[in-house]
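Structure record follows, encoded as structure tokens.
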Amino acid sequence: MKNSWNGFAKKSIEERLELVKAQALTSLEAKKSLEQNENLSLAVADQLSENVVGTFSVPYSVVPEVLVNGQEYTVPYVTEEPSVVAAASFANKIIKRAGGFTAQVHQRQMIGQVALYNVPDEEQARQNILDKKASLLEMANRAYPSIVKRGGGARDLHVEQISGETDFLVVYLHVDTQEAMGANMLNTMLEALKPSLEDFSQGQSLMGILSNYATDSLVTATCRLGFRYLSRQKDEARELAEKMVLASQFAQADPYRAATHNKGIFNGIDALLIATGNDWRAIEAGAHAYASRDGSYRGLSRWTIDLETEELVGEMTLPMPVATKGGSIGLNPRVVLSHDLLGHPSAKELAQIIVSIGLAQNFAALKALVSTGIQHGHMKLQAKSLALLAGATEAEVPKLVESLIAEKTFNLEKAQTLLKHLRS
Ligand code: NDP
């Protein structure tokens, strides 16, 4: 059967809407919401934030055919950056042909911390707190009983002495937050523990707060591509694979490259986090901390070659404590639509899709960088943005894009001059 997503990018918006409605949406409400381009109302926006004077729009796109653990997803992307969606679509198509992603959630708990200072005997305090572990966990659960009813709750607690300009005794609480990210749950539990922890340590508590360094929520995505998926020409395919491995090694060794390498990964991850109503600042902070876990900032993904099978192997692990409930998730119609598009995955399933998407985005960037160079693919999209900025109408845009590419000069002045010329 002919793949219905073929040529999706070249279809009109109306045709794309029809296809997405038919292929990917499950509920009537979601279909109506997509059709009507339903967005956040001013009244709800006013409830979500403060000093609201309006709402802000960004393009809402889809990346079809994302294959993770044998399941195909139509993935919503919220991004204004040209070429990100095109690169993701291209990468996912190739990776799907090669068998898709395998993803795994290692664990899913959030960590919160209470920092104690002015503790007279840190070792004694540590022992006192650990002796009371069971009652402290009970106390935390009593502070947020609804998560216990949902099958989650405080699971463990450990204590560490952190030395710096001031010595801190830090109590770490590990909580199963089920489908929520759990910031407010953790913060409520930690606040409830503070008086007892001060009592057991004879110190003072500085703060009780969730940590975004979510090392108990690690997720790994991998993909394997036979060289033939990289190019029809055998030698070129092998050379491409080898250069992608070098690019990955470069991002491990040089923080200047690592930052850009990881930015490319977050081009995809952020787009999906925003579309699903997740706190992208929280996930970014955790991932960048994870990228520095051995003291140097490194690329988050690694590409290697399996010589036996002649495959390029991509792998990425990062903290991904995303939510499908809580925050603004049920309140923004676009976010509700995104969860429908994805088939209402659980938080664990969503985390696996997100890490896979990041790896796909990285694949596209590295492949372009080590072959044609990133500007090649960007040129047309950059020219399109410039044409729009210069004031070209819908009918004028394709002609102006063509002229800009022919002239190989990409700035606003050139676009304006060419547009004038086109109109004369
Ligand atoms: P919420 O405070 O919204 O709590 C989760 C909500 O989801 C609860 O009301 C819970 O109901 C409900 N819920 C429904 N079904 C489930 C389920 N199956 N599992 C879990 N909860 C469910 O969100 P979070 O505590 O997750 O906090 C996230 C928000 O906090 C985000 O907006 C984030 O931006 C913000 N934040 C982030 C910080 C950080 O990252 N450092 C710090 C402070 C805030 P019930 O109460 O009945 O259990």
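Counting starts at 1 for both ligands and their atoms, following the listed order.
The ligand atoms of ligand 1 that sit less than 4.0 angstrom from a heavy atom of N212 are 39 (C), 40 (O), 41 (N). Per-residue contacts place G327 under 4.0 angstrom from the following atoms of ligand 1 (heavy atoms of the residue considered): 1 (P), 3 (O), 23 (O), 32 (O).
Note: H158 and Y172 have parallel aromatic rings, judged against thresholds of 30 and 60 degrees for the angle between ring planes.
Of the N or O atoms in Y144, one or more lie within a sub-3.5 Å distance of an N or O in ligand 1.
Side-chain contact between P76 and Y60: present, with at least one pair of heavy atoms (C-beta onward) separated by less than 4.5 Å.
No side-chain donor-acceptor contact under 3.5 Å links N128 and K132.
Checked against D176 for a side chain to side chain donor-acceptor pair (under 3.5 Å), the options R108, Q109, R155 give a single hit: R155. Checking each of K348, H344, E179 against T324 for a side chain to side chain donor-acceptor pair (under 3.5 Å) leaves exactly one that passes, namely E179.
At a heavy-atom cutoff of 4.0 Å, ligand 1 is contacted by both the backbone and the side chain of N184.
Of the candidates A183, A282, G330, the one placing a heavy atom closest to atom 44 (C) of ligand 1 is A183. When the heavy atoms of E179, R150, M185 are ranked by distance to atom 12 (C) of ligand 1, first place goes to R150. Nearest to atom 26 (O) of ligand 1 by heavy atom, out of G182, G326, S346, is G182.
Closest heavy-atom contact between A140 and L193: N-CD2, 4.0 Å.
Between H288 and F266, the distance separating the two ring centers is shorter than 6.0 angstrom.
The shortest separation from a heavy atom of T177 to ligand 1 is under 4.0 Å, placing the residue in contact.
If you check which protein heavy atom lies closest to atom 34 (O) of ligand 1, you get D279 OD2, 2.8 Å. Looking from atom 48 (O) of ligand 1 to the surrounding protein, the closest heavy atom is S146 OG, 2.8 Å.
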